[in-house]
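Read through the structure below, which is laid out as structure tokens, and then see the notes.
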Amino acid sequence: MSSMDPPKVARWVLTHFGCSPNNPAVIGDLDERFNSGRSARWYWQQVVVTVVVSLFTEIWNHKFRATIAVLTGWIVLQVVSSWLDYFVPFTSPFWLLPATWTCPDGWMTLLTWATFATTGWIVAKTQRPHHRPMVLIYATSFIVRSAPPLWVLSLAEWRGERPTGAYPIWLAVFTVVSECASILVGGGLFRRAKPLTSDNSVELKSKPV
Amino acid sequence: MLKRDQLGNFELMVVLVLIRLGDNAYGVPICEELERRTGRNIAIGSVYAALERLEGKGFVTSEMGEPTPERGGRAKQYFHVTARGLREVRETQRLLVRLWHGLTELQGGKA
């Protein structure tokens with residue numbers, strides 16, 4: 001990376017999580033200001049503010065849609081987990097009750113990720129063209145839902161009273177993060193951005209300025 | 001609470017900057033002008049959020065401009081104040097001047 005390149009991770013975050021309808025123009029403006037001498041720290045600050053503001057603006061402008069998106073995600077999650085329980089009885093809904101997590105088997109973990117990805121996909125499919133903020137708010141609701149059990153588990157571990165068979169806190173946190181990432185993958189938020197030859201951009205074959 | 005077709009404080013600042021910039025009003029000069037005139041750091045995300053609200057209220061229109069390499073090949077989005085937006089700014093100015101008039105506490109630079 002040259003010193004004139006914006007931070008790649010920050011740019012990736014903005015490209016995939018920025019919810020503004022004008023996101024390509026926002027990225028262009030940030031790149032232009034960065035190229036006129038702004039720091040990487042400034043760029044990161046702008047990215048964080050832009051992602052948060054654009055998410056809340058979209059949610060505020062589409063409150064009903066956001067409510068439906070969160071409800072859809074949770075209902076599908078409940079239905080699919082019940083369905084899995086029917087066929088595989090030992091898959092008790094540990095993703096809904098993280099304090100009772102006891103089953104970190106490899107294939108079951110994959111099945112869990114697939115379940116979460118499916119919920120993200122359904123939320124995205126039913127909420128176009130606003131799928132990005134709707135998938136993000138659903139994923140946020142999952143993190144909020146998981147926070148109290150994680151807190152209880154971390155307190156128990158700190159006191160040395162972790163229930164027998166329960167996940168260690170690092171594994172519980174990893175599980176929540178990976179399940180959240182599965183929602184985002186299923187919702188298409190990690191898909192590659194459109195090529196630069198779209199309507200509002202050009203291929204960078206011209207001479208550098 | 002603001003009526004849907006009224007201008008908020010930050011929205012008013014953005015519209016005034018758009019009027020000042022004329023045909024060159026896209027994200028970068030808007031932010032720079034706001035920072036220069038207010039002395040505050042302005043987040044570009046907040047400016048775009050205000051511009052989207054203004055567009056929704058019919059006070060502002062936008063059009064895509066030319067893409068440039070220093071912008072990573074992305075196009076500029078130019079914003080223009082509509083006639084309705086100008087009327088609203090004038091009305092807000094009249095309202096504020098009426099409210100200001102006769103406030104001795106605010107004259108002579110005393111708080």
Side-chain angles (χ1 to χ4, degrees), chain A residues 4-6 8 11-15 17-38 41-62 193-209, chain B residues 1-5 8-11 13-14 17-18 21 23-36 38 40-80:
Chain A
M4 290 303 286
D5 286 337
K8 281 185 180 162
R11 203 167 194 270
W12 183 90
V13 168
L14 184 55
T15 304
F17 298 150
C19 298
S20 164
N22 304 313
N23 206 37
V26 176
I27 297 170
D29 287 342
L30 279 183
D31 284 3
E32 187 178 333
R33 292 199 85 187
F34 180 81
N35 284 327
S36 65
R38 299 286 179 154
R41 189 180 167 197
W42 172 87
Y43 195 94
W44 265 108
Q45 284 173 341
Q46 293 284 328
V47 165
V48 170
V49 172
T50 300
V51 169
V52 172
V53 168
S54 64
L55 174 62
F56 280 97
T57 302
E58 282 291 294
I59 299 302
W60 183 255
N61 290 342
H62 307 282
K194 285 178 185 172
L196 291 176
T197 46
S198 62
D199 287 347
N200 55 4
S201 55
V202 289
E203 277 192 82
L204 292 174
K205 289 178 179 171
S206 52
K207 292 176 190 171
V209 286
Chain B
M1 194 170 161
L2 271 182
K3 270 170 66 181
R4 188 164 158 69
D5 58 351
N9 194 21
F10 189 63
E11 290 170 5
M13 289 198 277
V14 171
V17 166
L18 289 185
L21 290 171
D23 289 338
N24 189 37
Y26 70 96
V28 173
I30 295 171
C31 276
E32 287 174 349
E33 190 69 12
L34 276 169
E35 285 178 348
R36 203 165 64 82
T38 63
R40 300 178 197 165
N41 286 324
I42 303 288
I44 204 148
S46 311
V47 173
Y48 270 91
L51 286 166
E52 284 157 21
R53 283 197 302 274
L54 289 166
E55 213 166 356
K57 291 173 183 176
F59 297 156
V60 161
T61 57
S62 69
E63 59 175 337
M64 299 309 291
E66 72 282 9
T68 57
E70 72 268 24
R71 297 171 54 82
R74 287 180 169 79
K76 295 172 181 173
Q77 186 165 11
Y78 290 99
F79 294 89
H80 310 282

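Naming convention: chains lettered A, B, ... in sequence-line order (proteins, then strands); numbering from 1 in each chain. All values below were derived from every heavy atom in this structure, side-chain atoms included, with hydrogens, water molecules and symmetry-related copies excluded. These numbers were taken from a predicted model, which means no experiment stands behind them.
- Taking Val47(A) as the reference, Ala10(A), Val13(A), Leu14(A), Leu30(A), Tyr43(A), Val51(A) meet the side-chain contact (heavy atoms from CB on, under 4.5 Å) condition, with sequence neighbours excluded.
- Both the backbone and the side chain of Glu32(B) come within less than 4.5 Å of a heavy atom in chain A.
- Side-chain contact between Ile42(B) and Phe10(B): present, with at least one pair of heavy atoms (C-beta onward) separated by less than 4.5 Å.
- The contact between Asn22(A) and chain B is made by backbone and side chain atoms together, counting heavy-atom distances below 4.5 Å.
- Residues Thr50(A) and Tyr48(B) fail the side-chain proximity criterion, which asks for heavy atoms closer than 4.5 Å.
- Using a 4.5 Å cut-off between heavy atoms, Ile30(B) does not touch chain A at all.
- Listed by chain and number, the residues in a side-chain hydrogen bond (donor to acceptor under 3.5 Å, both in side chains) with Asn23(A) amount to none (sequence neighbours excluded).
- The shortest distance between side-chain heavy atoms of Asp29(A) and Arg71(B) falls below 4.5 Å.
- Contact of Ser54(A) with chain B is not made at all, since no heavy-atom distance falls under 4.5 Å.
- Contacts of Val49(A) with chain B are made by side-chain atoms alone, with heavy-atom separations under 4.5 Å and no backbone atom involved.
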